[in-house]
Number of protein chains: 2
Amino acid sequence: MKTSLGAKTLVYPTPVFVVGTYDVAGRPNVMTASWGGICCSQPPCVAVSLRKATYTYGNILERKAFTISIPSETHVKEADYFGLVSGKHTDKFAATKLTPVKSDLVDAPYVREFPLIVECKLVHVIELGRHTQFVGEVLDVKAEEDVLDGPGQADIAKVRPLAFTPDTEAYYGIGRRIGQAFSIGKDIGARSSGFGI
Amino acid sequence: MKTSLGAKTLVYPTPVFVVGTYDVAGRPNVMTASWGGICCSQPPCVAVSLRKATYTYGNILERKAFTISIPSETHVKEADYFGLVSGKHTDKFAATKLTPVKSDLVDAPYVREFPLIVECKLVHVIELGRHTQFVGEVLDVKAEEDVLDGPGQADIAKVRPLAFTPDTEAYYGIGRRIGQAFSIGKDIGARSSGFGI
């Protein structure tokens, strides 16, 4: 028996993205956002939704670029802080003693100490209501060598990313590996025709 | 030191959404998708991106509605199966012995046995390339009573949703609670001005 929880923004899991931008003066800024995800395979694109009031909103429109740095569990305090204060008034890198690195592909900085980063060129701006969705084409993904598991592949168990729960407003880690996709369900059916059909 | 992994669709975590629709004949269908997430707070909206080749693509355009059923770890095989075969040729509910329930709010079915479901009215269709992004306004979220933790609030530890890793193509569970959002980072800075600034 299901109970109505109302019209709300609730799915599990939602990511913890740290969005990196430069402002008009060239100062690096970061903010935390959980409304987003991958939205296209070719070209590879990631979406992140922001309110107009955010400092990052203007920065993305100005610079046509952003990065997403994925924090690990060890940096949960810094990731939370990035969502608590505004880059308009605060140098968040200085406050956290984390290091901005200028992307060599897009006009935006990322967080050196975070294990996985995604460099995006702005390709779409979509007004949805309180939030504006920015779609970025992924020009490169970069990972720390110590989170790699074979060439060109990251290991989520080494990255240790965070998940955010929209209703209880908490951060969770990633748990155990449950099974292989496009495989574990094969014994149910006969025909196999690829993911997402 | 960071290593380039190339231009690819890689962020952590991505969700495992089971998208429910009716076809033109009124037959219920479900497919699994991980390119999506929350995209707006007001109106509350969820985005999911699908390829045109999917049966669900046409169903959403026809019915202007879809649901998202969040599977728990116990139904990982069924969730994987829903992404392996096409609803054009297969009755996936019959094959898995799961139960379609007609939403009383939108023209789409959801999966009775899954703990959390989101009922969406189609509000935007955005062409991005290989994928088309469907933005649905959330009209209601419904949860099984045994995953609730107080009135109107679900508990992710009881829902036990899946996360998908795009690079290694595996399913993971959710791990331990790391900390409270909008709180755990407060000792870093002085000013607090709300999430996403």
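Sequence lines set the chain letters: A, B, ... in the order given, protein chains first and strands last, and positions in each chain run from 1.
Aromatic ring pairs are classed by plane angle as parallel below 30°, tilted from 30° to 60° and perpendicular above 60°; the pair A/W35 and A/H131 is tilted. B/F114 and B/F82 have tilted rings, their planes meeting at an angle from 30° to 60° on a 0 to 90° scale.
In this structure, the separation between CG on A/D80 and NE2 on A/H75 is 14.0 Å, given to the nearest 0.5 Å. The CZ atom of B/R130 lies 13.0 Å from the CG atom of B/L128; values are rounded to the nearest 0.5 Å. Between B/K52 atom NZ and B/L61 atom CG the span is 9.0 Å, to the nearest 0.5 Å. Here OH of B/Y81 is found 11.0 Å from OG1 of B/T32. Values are rounded to the nearest 0.5 Å.
Using a 4.5 Å cut-off between heavy atoms, B/I70 touches chain A through its side chain atoms alone. For chain A, the nearby part of B/P166 is the side chain; its heavy atoms alone come within less than 4.5 Å. Of the atoms belonging to A/V135, it is side-chain heavy atoms, and not backbone ones, that fall under 4.5 Å from chain B. Residue A/L105: no heavy atom, backbone or side chain, is found under 4.5 Å from chain B. A/V138 touches chain B through backbone and side chain together, each having a heavy atom under 4.5 Å away. In this structure, chain B has a heavy atom under 4.5 Å from the side chain of A/D187, while its backbone stays farther away. For B/V11, the parts sitting under 4.5 Å from any heavy atom of chain A are the backbone and the side chain alike. Contact of B/V118 with chain A is made through the side chain alone, with heavy-atom distances under 4.5 Å. For chain B, the nearby part of A/V46 is the side chain; its heavy atoms alone come within less than 4.5 Å. B/T165 touches chain A through its side chain: at least one heavy atom from C-beta onward sits under 4.5 Å away, while N, CA, C and O do not.
Of the listed residues B/E144, B/H124, B/E73, the one with more heavy-atom pairs under 4.5 angstrom with chain A than any other is B/E144. When the candidates B/P161, B/G36, B/P115, B/A7 are compared by the number of heavy-atom contacts under 4.5 Å with chain A, B/A7 comes out ahead. If you tally non-hydrogen atom pairs under 4.5 Å between each of B/K88, B/Q42, B/R112 and chain A, the highest count goes to B/Q42. Most heavy-atom pairs under 4.5 Å with chain B, from the set A/V147, A/I38, A/D155: that is A/I38. When B/P15, B/C40, B/G37 are compared by the number of non-hydrogen pairs under 4.5 Å with chain A, B/C40 comes out ahead. Of the listed residues B/A157, B/A163, B/S183, the one with more heavy-atom pairs under 4.5 angstrom with chain A than any other is B/S183. Among B/E137, B/Q133, B/E119, the residue with the largest count of heavy-atom pairs under 4.5 Å with chain A is B/Q133. By number of non-hydrogen pairs under 4.5 angstrom with chain B, the leading residue of A/G150, A/C39, A/S49, A/G129 is A/C39.
For B/K158 and B/D146, the salt-bridge test fails: no basic side-chain N is under 4.0 Å from an acidic carboxylate O.
For CZ of B/R63, the number of neighbouring non-hydrogen atoms (other residues, nucleotides, ligands) closer than 6.0 Å is greater than 12.
Checked by atom type, the side-chain pair A/Q153/B/T168 shows no donor-acceptor distance below 3.5 Å. Checking A/N29 against A/T21 by side-chain atom types alone, no donor-acceptor pair falls below 3.5 Å.
Taking the six-membered ring where the residue is Trp, the centroids of B/F134 and B/Y57 are separated by under 6.0 Å.
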